[in-house]
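If you read the sequence from its start, that first residue is 1, and numbering goes on from there. All ligand and atom numbering here is 1-based and tracks the order in the structure.
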Amino acid sequence: MIDLNFAVVTVSTTCYDDPINDHSGPALIKYMADKSNENIQWIHLASTVETLLKLSDELRPHLILTTGGTGISPDDVTPEATRDIITKEIPGISQTMIAKSLAITPMAMISRPVCGIYQQTLIINLPGSSKGCVECLDFVYPILKHAIDLIQNKRTEVDITHSAMQIKTNRKHHSCGGDHHHHHHHAETSNKGERLRHSPFPMISVDDAMNIIFEYANKMPIIDKPLTECLNYVCVEDIYAKEPFPPFRASIKDGYAVRLYSDPSHEKIYEIIGRSDAGGENTNIPLMEGQCVVINTGAKLPDSANAVIQIEDTQVHEYHPTKTDGLDEKSIRITTECSMNQDIRNIGDDVHIGELVLEKNVRLGPAELGLLATVGLRTVRVYDKPHVVVLSTGNELMPIDASSSDNGKIRDSNKIMLMSALQNLNILNVIDGGTAKDDETSVIQTLQSAFELADIIISTGGVSMGDKDLIKSILTKQFNATIHFGRLQMKPGKPTTFATCEVNGKKKLFFGLPGNPVSALVTYWLFVVPTLKHMMGHIQPHHPIIRVQLNQPIEYLDPRPEYIRVIIEWSTKSSIPIARIVSPDNQCSSRLLSARRCTGLARLPSKTDVNSSFFNINRDDLGQQVDCLLLLDI
Ligand code: AMP
Ligand code: MG
């Protein structure tokens, strides 16, 4: 028995614009789900029919159900798109749907569904209404299993249903959305079976991508840790002081704790009757007016003392013939004005009982740990830290200790780069997941062991358009993963992929970063760092964004927003920080020199996001003002 993989494509501009409008897609999924008891996963993709059909090249579903676009209005082109790519039409299925529908509504006369086979995928057009599409599916359901068996040329029975993808597409026949290439449809599909020439994944924005990731990134479990091991963990709860600090009246100065004369006109001569050292015993010496004890900073005041006079403001008035307690001073004269309670820290002056000493979700740095030690916390409830696997892909990679070679090999720079970055992010368990060769067996093995080792996997390479880029298809085929996005509107980092799956009953997050070192590092900073910080409980997981002035003008913008590597500096030439572009002549994504010493990612708007005034710079020497992500964890 094999699992049936099916995709549901909603062809509708309103649903493409807002998936909430889509009732037909979910209705079809529910129909299929009701026929079996399996949980069904959806892949939400916004895409054209054309793109969808290319998707079938990659994911090879057994069945694609389209809903919508089968009518006769000018926008209705689903049958044409389908007919363009199928190699065998199965008119019996469409005719059956029409014949049976006519018994329900004469409107069936103007429905033009097409059914047929593309490679090993059965494609069935269904009408757009949520009622009509389910009715039509129900008419043809009895032959589905058998038809799919025949198409697969297998005697095995297909198990309906296991995994489903739902794709919403614009009504447009030709490509649309973020991808601005307008190729002619026939030219592209005439040579059937050729490999994908365009990514089937819709290009989504960096913000949308971040939101998607955060939907799946859960906070780590909470654990109790001894205070001494808590550095850089994030505290789960508000901490209130159970004791005051200081716990006694303490001197702020080195000098004398005095009991002032109640008569301010009295001559300011004080008799020394003892001493109170910090941490000393029996220091509560009773004082009468005009008496004092020698005291040091932080020492406890005698209860009867009412001021501290620093040594600088005194003179010795009289000496003892011999030293007692290390001093031979008998009395002192105060040389300044003094007032009640001066230079005394009262009980609770620094931290009073019940005071909030630490808000929850704050990283425990040096000051915070010192504070918790002060108030006597021995263990802290913190978010645990994740284990993270880093793996590389590519036949061209050789270990970093390999001597140079001339057979097309390069040293693996991504692995050490990302593993070090994770260590700087205070991830304690960073695991080397090895290197996958560019063949299915090796990728499957490497991914399998990565999923065993950790819940978060970062891979580099193997996610773009090359025929050796196997990660995406293996994730879906072998690991039943859901790819939440596979293409981003950014430069560098376009093929960045994020997927989730369940292995051994545990949810796994998979970041498929591009192979080029700069792209890998930039997308790690942009997506992985905030995700991990969020999981570790940080209240503000995102990089701070500041406004900067580029140190030189930008003369060309890319169609995608671009994240350029900069060094943040301060200069009187500008009222805001200056971002010095690293390696300004060549920021190409393979050139890691362009990330050297970088402390910020300046975000250049896309070409379409600005008007020509962006390029009119009148400040001498300096360039445009743009937003810049501050990289604090590098
Ligand atoms: P890919 O995304 O696998 O097509 O790789 C894109 C580019 O990045 C190619 O030039 C690769 O050789 C390079 N590349 C991939 N992985 C690494 C790595 N781990 N270290 C250095 N370069 C790499
Ligand atoms: Mg590769």
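Scanning the protein heavy atoms around atom 18 (C) of ligand 1, the nearest turns out to be Asn414 ND2, 3.2 Å. Looking only at protein heavy atoms, the nearest one to atom 7 (C) of ligand 1 is Asn516 OD1, 3.4 Å. Summary of contacts: the protein heavy atom closest to atom 22 (N) of ligand 1 is Ile410 CD1, 3.5 Å. Annotation: atom 1 (P) of ligand 1 to nearest protein heavy atom, Gly462 N, 3.7 Å. Considering only non-hydrogen protein atoms, atom 19 (N) of ligand 1 sits nearest to Asp412 OD1, 2.8 Å. Closest protein heavy atom to atom 11 (C) of ligand 1: Glu396 OE2, 2.9 Å.
For ligand 1 and Ser392, the ligand atoms under 4.0 Å from any heavy atom of the residue are 19 (N).
Contact annotation: for Asp469 versus ligand 1, heavy atoms closer than 4.0 Å belong to the side chain alone. Both the backbone and the side chain of Ser413 come within 4.0 Å of ligand 1, counting heavy atoms alone.
Annotation: Phe527 is not in aromatic contact with Phe511 [ring centroid separation under 6.0 Å not met]. Ring centers of Phe498 and Phe510: at least 6.0 Å apart, outside the cut-off.
The closest approach between Gly394 and ligand 1 stays at or above 4.0 Å for every heavy atom of the residue. Assignment of Lys415 to the shell around ligand 1 is not supported, since no heavy atom sits closer than 4.0 Å.
Counted by atom type alone, Thr10 and Ser12 present zero donor-acceptor pairs between their side chains at under 3.5 Å.
Of all the heavy atoms in Trp525 and Pro530, the pair that sits closest is O-CD, 3.3 Å. What you find for Gln624 and Phe614 is that their closest heavy atoms are NE2-O, 3.0 Å.
Considering only residues two or more places apart in sequence or on other chains, Arg560 meets the salt bridge (Lys or Arg N to Asp or Glu O under 4.0 Å) condition with Asp558. With sequence neighbours excluded, the residues that form a side chain to side chain contact (heavy atoms under 4.5 Å, CB included) with Ala436 are Thr393, Ser442, Val443, Thr446.
Checked for salt-bridge contact, Lys409 and Glu396 miss the test: no charged N lies under 4.0 Å from a carboxylate O.
The nearest non-hydrogen atom to atom 4 (O) of ligand 1, considering only Gly466, Gly515, Ser464, comes from Ser464.
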